[in-house]
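Here's the structure, in structure tokens; my notes come after.
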Amino acid sequence: MAKQTGMTKARIFKELGLKARLQGASTGGGWFADSGDWLESRSPTTGELLAKIEQASVKDYDRVMKEAKQAFLAWRAVPAPRRGEIVRQVGDALRAKKEPLAALVSLEMGKILTEGQGEVQEMIDICDFAVGLSRNLSGPTLQSERPKHRMMEQWHPLGVVGVISAFNFPVAVWAWNTALAWVCGDSCLWKPSSKTPLCAIACQNIVSEVFARNGLPLGLSCVTIGRGATIGEKLVNDHDVPLISATGSTRMGQRIGGIVGQRLGRTILELGGNNAIIISDKCDLTGALASAFFGAVGTAGQRCTSTRRLIIHEKIYARFMGKLIANYRKVKIGDPLDPKTLMGPLIDEGAVADYEAAVKAAKEQGGKLLYGGKVLAPFGRKTFVLPTIIEIDNKAPIVQTETFAPILYVMKYRRFEQALKQNNGVPQGLSSAVYTDSVAEGEAFMSYLGSDCGIANVNIGTSGAEIGGAFGGEKETGGGRESGSDCWKTYMRRQTNTINWGGEVHLAQGVEFKP
Ligand code: UN1
């Protein structure tokens with residue numbers, strides 16, 4: 001296993017400071033835990049035990065939070081460009097560890113190596129983005145209605161940011177949050193998915209070294225690996241955490257949003273997607289084919305942005321489906337660390353059960369299986385599935401739900417307005433795309449009458465967004481935005497300043513108030 005890349009488990013562990021037994025709480029200066037409650041990290045490919053991690057207890061959480069709060073107080077006083085310089089070093093440290101970290105993502109999460117490398121590249125890219133941002137966390141100067149007055153906006157550090165991340169992007173989503181939070185002057189506490197604890201430990205080891213080398217408070221980067229019911233609840237209920245950024249299912253987001261909203265905290269929620277590509281009769285079918293194939297089969301359908309639905313013009317439907325199924329037949333399924341593999345395993349048996357249940361439900365709801373629908377066990381463990389295509393009506397209940405597996409629902413349309421309606425006719429609103437050479441169709445898709453999603457692409461697919469844009473979506477996707485554009489603003493507190501430089505007091509709105 002994993003020999004083809006030169007990255008054996010032993011080498012990955014050595015390069016990233018991992019061992020067979022680890023502990024799950026860190027304030028940057030090493031690891032501790034006193035719960036006596038052990039978590040196993042197993043390879044989704046073979047089931048091999050990778051390591052055991054003692055989970056953080058509530059007491060460990062309190063210790064970590066104390067450090068995170070102290071670190072914030074020191075860090076907020078460091079000039080932002082100097083904070084950017086530290087994040088530049090974090091980016092360099094990630095560059096140096098790109099190969100083993102990408103291999104660890106493949107080993108523990110199961111995505112193929114090129115996608116693991118792409119994920120680490122996203123971390124490096126967001127660091128570069130944050131470095132530039134650190135010299136431009138700017139607010140506008142505004143015109144005052146009062147004579148000899150000036151108004152302006154400033155952005156100040158916010159506090160401790162809680163990051164809750166999912167298994168499917170076990171390192172990049174944390175980096176999207178932390179790189180921005182750090183240049184914004186915040187400290188961070190990360191609760192990673194319990195399905196990918198080693199990825200979190202490796203990241204923490206890489207960044208802690210940078211903070212230590214620079215003599216900075218180590219609590220800037222904190223981690224608690226533990227149960228949702230203990231550590232997760234504690235974090236979302238913690239009044240000392242002004243912002244919770246959470247990625248996961250809509251159900252999880254509804255719970256977190258409710259709790260944080262109750263205490264009037266801030267959230268960035270990046271939840272389920274149900275992403276469609278409309279394939280027009282006026283498009284380059286080769287491009288549409290490549291994008292649909294990557295979107296639906298890439299990462300074994302375990303991206304928030306995975307293509308889950310194709311809405312295809314009836315005139316080209318048969319031709320397009322013939323080509324797509326031919327591609328599906330060629331998918332090489334196996335060890336994600338083997339460079340020849342195109343699709344690795346699903347994360348665990350639970351994910352496979354969800355896949356099987358969805359295929360069954362789709363058939364019961366009038367769906368026609370065009371390809372796949374089978375569970376495989378190339379290494380003796382039923383964590384692999386065939387990528388699957390089902391022809392079905394958009395309104396079928398199963399099509400309305402997000403199943404985190406490589407199942408693609410396909411449907412036809414005749415008029416473009418009908419396709420738009422189908423695109424928007426689901427509860428989720430993350431990503432969407434249209435393949436068309438018609439300017440009118442492309443513009444309509446991106447317009448206020450078009451896609452209701454946070455991401456709406458023309459002639460590229462639904463997945464694989466760049467870090468420079470704001471990432472997130474509407475409706476049940478949660479409304480949060482992470483990563484590029486002006487998303488940094490959520491990690492800071494806005495302050496409006498009005499300055500009187502003329503001496504005379506003028507009340508706004510013409511109010512007179514004299515004794
Ligand atoms: C996710 O699946 O949670 O756009 C993030 C993409 C990646 C990020 C996905 N850049 O597919």
Side-chain angles (χ1 to χ4, degrees), residues 94 102 105 109-112 114-129 163-180 190-193 195-196 199-200 203 245-253 256 267-277 290-308 343-344 346-347 351 402-406 408 428-433 451 453-458 460-474 476-485 487:
L94 288 167
V105 170
M109 182 275 163
K111 66 177 68 175
I112 58 170
T114 177
E115 295 198 77
Q117 286 160 345
E119 176 163 359
V120 179
Q121 190 57 46
E122 280 201 38
M123 305 173 83
I124 295 165
D125 293 344
I126 195 77
C127 286
D128 287 353
F129 179 87
V163 181
I164 298 173
S165 63
F167 78 86
N168 68 326
F169 271 78
V171 295
V173 173
W174 167 76
W176 291 356
N177 283 282
T178 51
L180 293 193
W190 183 15
K191 189 214 166 292
S193 165
K195 295 175 183 180
T196 48
C199 288
C203 288
S245 175
T247 304
S249 68
T250 293
R251 223 184 52 209
M252 179 211 80
I256 292 177
T267 49
I268 299 174
L269 297 176
E270 204 266 278
L271 313 173
N274 197 343
N275 319 298
I277 307 180
S291 289
F293 182 61
F294 172 62
V297 180
T299 330
Q302 297 175 108
R303 290 190 189 222
C304 300
T305 51
S306 287
T307 306
R308 310 229 173 267
M343 198 177 106
L346 296 189
I347 186 69
E402 180 193 47
T403 304
F404 230 53
L408 181 66
Q428 309 82 356
L430 178 57
S431 188
S432 59
S451 166
C453 296
I455 298 169
N457 295 332
V458 177
I460 71 159
T462 60
S463 68
E466 300 173 27
I467 60 95
F471 184 89
E474 306 301 333
E476 283 190 5
T477 303
R481 293 294 188 278
E482 293 173 297
S483 189
S485 185
C487 293

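Side chains included, hydrogens not; waters and symmetry mates left out as well; all remaining heavy atoms used. First listed ligand is number 1; within each ligand, the first listed atom is number 1. Sequence positions, counted from 1, serve as the residue numbers for this chain.
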| Can you find a side-chain donor-acceptor pair between T305 and S463 that sits under 3.5 Å? | no
| task | Could you verify whether a donor N or O on one side chain and an acceptor N or O on the other, from N275 and T307, lie under 3.5 Å apart? | result | no
| said: Is a donor from one side chain sitting under 3.5 angstrom from an acceptor on the other, for T477 and Q428? | reply: no
| task | Give the protein residues with at least one non-hydrogen atom closer than 4.0 Å to an atom of ligand 1, ordered by chain and number. | result | E122, N168, F169, W176, E270, R303, C304, T305, S463, G464, A465, F471
| Salt-bridge criterion met for E402 and R251 (N-O under 4.0 Å) | no
| Considering all heavy atoms, the nearest E476-T250 contact | O-OG1, 3.1 Å
| task | Sequence neighbours left out, what passes side-chain hydrogen bond (donor to acceptor under 3.5 Å, both in side chains) with W174? Give chain and number order. | result | none
